[in-house]
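The sequence lines fix the lettering, A, B, ..., with proteins before strands; numbering per chain opens at 1. Note that the coordinates shown come from a computational prediction; the quantities given were computed from them, not determined experimentally.
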Amino acid sequence: MHLPNLLQDRFRNALASVTDRADQYAAMIRPTADPKHGDYQCNCAMPLSKELGRNPREVASELIEKLQIDDVCNPPQVAGPGFINLTIKDDYLSRVTSGLLGDERCGVSSQEGEQSIVIDFSSPNVAKPMHVGHIRSTVIGDALARCLRFLGHRVVTDNHLGDWGTQFGIIIYGYKHFGDAKIVDANPVQELSKLYRIVNQLIEYRKSKKSIDALERSVMDAESAVQLAKDALVNAETSKQKSAKKTVSSAERRCSGAIAAVEAARLKIDAVENDQVWSERASLHPRIDEAVLEETAKLHQGDPENLSLWERFLPHCKDEINRVYERLDVTFDHTLGESFYHSQLSGVVQKLRSEGLAQDSDGAVCVFLSGFDAPMIVQKQDGAFLYATTDLATLQYRLEQFDPAEILYVVDTRQSEHFEKLFAVADQFGLEHVKLVHVNFGTVLGEDGKPMKTRSGSLIGLESLLDGAVERAKKVVCDPERLRTFDPPMEHAEQEMIAEAVGIGAIKFADLSHHRTSDYRFNLEKMVALDGNTSAYVQYSYARTQKILENAKKAESDIVKLIAKEGWVFSHPAERNLALMLMKLEESLVGLHKDYAPNQLVDYLLETAKTYSKFNENCHVLRAETPQIQATRLALVCLTGRVLQLGLHLLGIGVVPRM
RNA sequence: GCAUCCGUAGCUCAACUGGAUAGAGCAUCGGUCUUCGGAACCGAGGGUUGGGGGUUCGAAUCCCUCCGGGUGUACCA
């Protein structure tokens, strides 16, 4: 049920005789901000009056006369400068709400489409541990997939795994020099990530060692630049003071950036040189960084030994990430990683060349695009292909295979430029009929407002993050004071299950509750908190509905019959408010699709849970005054439970019958 | 330097794309109730939406300009 669409249709009819831009004006229907203005409002009279050169209130009154809407609304009211306020009739509302009862889809209509929507999300590099940065793509992408699929679209999810890059050169090198076949075979997942960490640390050491002199010089340069800028400021004329000041502060910023870079490099160097084992390793592998690249190149060229190692290691790397996906309850239709496209890359470059889009520049093959300073490089000087090349091959494959209307890339905002270029090339390829969207998202920040890192400066592992959330949830759920009130008592297994649902749900919900494009601060304490805008609040509201239904000993099928017999009646404003909320699920889902913004559904669920709490406070079900009132309330409780459960499910979050 | 995004209550965030008195949650203070489960509900204080100008019936939202931040900027993904 999408009430604004219905209202729009009515307005369009009324507007047709007045203007030829009826669509545009009819679209100006909104829910009201304040209930005293009714349920919905139409704001079209003001701009329309300008077009007609007439008084807006007069225009509004005329529209109301032409409007045929009395089956849905009470007589519309003109207010303020010319707002048209609409209040839904109670009997219309109860009819619609009755229709939701017994409906699997909670009244959300299905929008069948011929074409599919491809969603590319999560896409971690295997062989590296997943970290906090992977949360957003995974959680947002999964929520979008669930919602769009529920809306009736043919959704194809694809996890574009990084399974062909330098990280395999690292593991292969590690295996050859630090590995032990028996140990690796016995415990591959753990052993391989250990090898990765060893080699990676040595590479970081080597890189830091190489760059530290230059970094220190750049600090000195920056410092003298600051001094110069300060001198210039002292001598600057009044009119140029401002720009001189700006120069100083930007020089200072660069300077502190350079100092931070030196410190980071120094840390990595010290970590190795102050440790006997590590410094021995480092001296035994003096050119490890180049050697790793060579191993990677050999793999790409089809070297039998490296290829067979890759084939041996890959399944274990996938096991590692699949464990996380299982825990997050995230699945994919396809997992076509970079390696899948490897053989198609030279063809892509050839095609770009033959169509005159790509050309040689500085020994690399580039696509120059108007509006961009730098070209998109599709093949390096040394002949290797890049991220961009793979993405073009992937795009081509998806078009042939899935015939999509839309392709969504759920990827960090920092890659915006890459996607702008990719889409620009796609345009030149003649792919403008597909809607390509970079569903970008912001960074997860720590408490300090800087990208979230551990104390040692590395990214926080995803699994330990989830463990932390579940552990915290368990403390709350298994609080002995609270557990005493449960009858029957809560067994250990149920406690574990609830902690998992609440803990994982908290992380997902917190992520999805922020607008996807903004950065947010990660605060575990607030996420798992019992009160506030959290998943626990919504999950708890659901549990309350279930308890009431249990006490009433009524299943949904019983309530359907009961309502058919008794009919609806709104005896308290809280009932009507709740019914109105329950009807709006589809609105929030449609809004979510429009902006690819899951926070719209989150907001809706919080608002619904809050509306339910008020209802729960004011409208006793089992002690209802009449059978009719009780039937209405039972129906509302039942529907609320269903809507909350469905809404959370569409976000990838589970519910529990009690908590 | 260029490009791009952002600045909203003490804190963390919204605001249906230009609509009515800018909303939630924390935190603070006060209240309700012998709980269909109190992880509840009600109320109060808290704002010149970074500053200034403009566009119009109407601006957090659009334009200009300052101030302050983030991010990206040819062979990483």
Side-chain angles (χ1 to χ4, degrees), chain A residues 4 28-34 36-37 41 43 46-47 49-50 56 79-83 85 123 125 162 165-167 242 246 249-250 253 338 361-366 371-382 384 386-388 390-391 411-418 420 440 442-443 445 449-451 476-477 479 482 485-486 510 513-515 517-521 523 526 529-534 536-537 539-541 543-544 547-552 587-588 590-591 594-595 597 599-600 602-603 606-607 610 613-614 616-624 633 637 658-659:
Chain A
M28 302 178 95
I29 301 232
R30 307 270 124 85
T32 56
D34 187 332
K36 80 180 170 223
H37 298 133
Q41 63 188 65
N43 303 331
M46 284 85 78
S49 75
K50 183 155 285 181
F83 297 107
N85 291 337
S123 309
N125 286 323
T166 315
Q167 72 271 32
K242 263 186 194 164
K246 217 171 170 179
S249 72
S250 91
R253 261 205 308 280
E338 290 171 328
S361 169
D362 281 352
V365 184
C366 302
F372 294 96
D373 292 339
M376 177 182 237
I377 300 174
V378 291
Q379 190 168 14
K380 300 203 291 187
Q381 283 173 334
D382 65 5
L386 295 114
Y387 183 39
T390 312
D391 264 358
V411 181
D412 197 303
T413 295
R414 285 174 286 203
Q415 291 183 40
S416 294
E417 199 174 312
H418 165 71
E420 280 167 26
N440 61 328
T443 310
L445 307 174
K450 290 183 186 149
V476 173
V477 171
D479 172 33
R482 274 180 49 70
T485 65
F486 283 87
S513 71
H514 298 94
H515 190 94
T517 57
S518 51
D519 299 344
Y520 75 89
R521 288 180 195 227
N523 183 334
K526 276 188 186 168
L530 315 173
D531 45 14
N533 289 339
T534 63
Y537 179 74
Q539 287 167 318
Y540 176 65
S541 301
R544 293 174 96 181
K547 184 67 176 179
I548 291 176
L549 294 178
E550 189 191 316
N551 288 342
E587 277 174 62
S588 76
V590 169
K594 196 170 147 242
D595 290 339
N599 70 315
Q600 298 207 17
V602 170
D603 284 350
L606 282 170
E607 223 180 310
K610 209 167 158 54
S613 279
K614 285 184 190 172
N616 203 54
E617 195 74 14
N618 290 297
C619 306
H620 207 284
V621 178
L622 300 182
R623 293 201 301 258
R633 290 179 179 175
V637 170
R658 59 175 188 167
M659 56 187 276

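For A:H37, the side-chain atoms get nearest to B:rA20 when compared with the rest of B:rU17, B:rG19, B:rA20. Side chain of A:L622, nearest nucleotide from B:rG72, B:rA39, B:rC36: B:rC36. For A:Q415, taking side-chain heavy atoms from C-beta onward, the closest of the listed nucleotides B:rC36, B:rA77, B:rG72 is B:rA77. Here the nucleotide nearest the side chain of A:R521, chosen from B:rU12, B:rA14, B:rA74, is B:rU12. For A:H515, the side-chain atoms get nearest to B:rA14 when compared with the rest of B:rC36, B:rA14, B:rG19. Of the candidates B:rC13, B:rC11, B:rA74, the closest approach to any side-chain atom of A:K526 belongs to B:rC11. Nearest nucleotide to the side chain of A:I548, out of B:rC36, B:rA77, B:rC41: B:rC36. Among the nucleotides B:rC2, B:rC36, B:rA24, the one closest to the side chain of A:N551 is B:rC36. Here B:rC76 is the nucleotide among B:rC2, B:rC13, B:rC76 with the atom lying nearest to any side-chain atom of A:L386.
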**Asked** side chain to side chain contact (heavy atoms under 4.5 Å, CB included) between A:T517 and A:N440: does it pass, once the steps are laid out?
**Response** CA-CA 6 Å; A:T517 57; A:N440 61 328; 3.7 Å; yes
**Request:** Begin from the C-alpha positions of A:Y387 and A:H418 and carry the test ring-ring contact (aromatic ring centres under 6.0 Å, His included) through to its verdict.
**Result:** CA-CA 9 Å; A:Y387 183 39; A:H418 165 71; 4.3 Å; yes
**Request:** Report the C-alpha distance between A:V378 and A:L386 in whole Å, list the side-chain angles of each, state the deciding distance to 0.1 Å, and finish with yes or no for side chain to side chain contact (heavy atoms under 4.5 Å, CB included).
**Result:** CA-CA 6 Å; A:V378 291; A:L386 295 114; 5.8 Å; no
**Request:** Starting at the 5' end of RNA chain B, write a dot or bracket for each base, bracketing those in Watson-Crick or G-U wobble pairs whose two distances are under 3.5 Å and using | for partners on another strand.
**Result:** (((((((..((((.....[...)))).(((((.......))))).....(((((..]....))))))))))))....
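Nucleotide B:rU17 carries a syn base; the chi torsion (O4'-C1'-N9-C4 or O4'-C1'-N1-C2) is within 90° of 0.
In this structure, A:D382 reaches neither bases nor backbone, as no heavy-atom distance under 4.0 Å exists between it and the strands shown. Note on A:P31: a base of the nucleic acid sits closer than 4.0 angstrom, heavy atoms only. Within the nucleic acid shown, A:M659 comes within 4.0 Å of at least one base atom, counting heavy atoms only.
Side-chain contact annotation: A:H515 with A:D595, donor-acceptor N/O pair under 3.5 Å absent. Using modelled atom types and a 3.5 Å distance limit, the side chains of A:Y537 and A:S613 yield a donor-acceptor pair.
For the pair A:S518 and B:rG7, the criterion of a side-chain N or O lying under 4.0 Å from OP1 or OP2 is not met. Contact annotation: A:K614 reaches the phosphate of B:rC42 (side-chain N/O to OP1 or OP2, under 4.0 Å). Applying the 4.0 Å criterion to OP1 and OP2 of B:rA20, one finds that A:K36 has every side-chain N and O outside that range. Distances shorter than 4.0 Å separate some side-chain N or O of A:Y537 from OP1 or OP2 on B:rC41. In this structure, A:R30 reaches the B:rU17 phosphate: one of its side-chain N or O atoms is under 4.0 Å from OP1 or OP2. For the pair A:N599 and B:rA15, the criterion of a side-chain N or O lying under 4.0 Å from OP1 or OP2 is met.
Of the inter-residue distances, the one linking A:I377 atom CD1 with A:S361 atom OG reads 8.0 Å to the nearest 0.5 angstrom.
In this structure, A:D382 places its CG atom where more than 12 heavy-atom neighbours from other residues, nucleotides or ligands lie under 6.0 Å away.
Atoms CG (A:N533) and C1' (B:rA14) sit 9 Å apart, rounded to a whole Å. The CD1 atom of A:I377 sits 12 Å away from the P atom of B:rU73 (whole-angstrom rounding). Atom P of nucleotide B:rU12 and atom NE2 of A:H514 are separated by 10 Å, given to the nearest angstrom.
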Scan nucleotides 68-71 of chain B against the protein and return all N/O pairs shorter than 3.5 Å with their distances rounded to 0.1 Å.
from, atom 1, to, atom 2, distance (Å)
B:rG69, OP2, A:R253, NH1, 3.4

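Side-chain N/O atoms of A:S361 and base N/O atoms of B:rA74 include a donor-acceptor pair closer than 3.5 Å. Remark: the A:R544 side chain and the B:rA40 base include no donor-acceptor N/O pair separated by less than 3.5 Å. Between the side chain of A:D412 and the base of B:rA77, no donor-acceptor pair under 3.5 Å is found.
Nucleotides B:rU61 and B:rU65 place their P atoms 16 Å apart, quoted to the nearest Å.
Nearest heavy-atom pair, A:E338 versus A:G162, reported as atom, atom and distance to 0.1 Å: OE1-CA, 3.4 Å.
Each of A:D362 and A:N618 was assigned the nucleotide of RNA chain B with the nearest heavy atom; the assignment lying further toward the 5' end belongs to A:N618. Both A:A536 and A:M46 lie close to RNA chain B; mapped to their nearest nucleotides by heavy-atom distance, the more 5′-ward contact belongs to A:M46.
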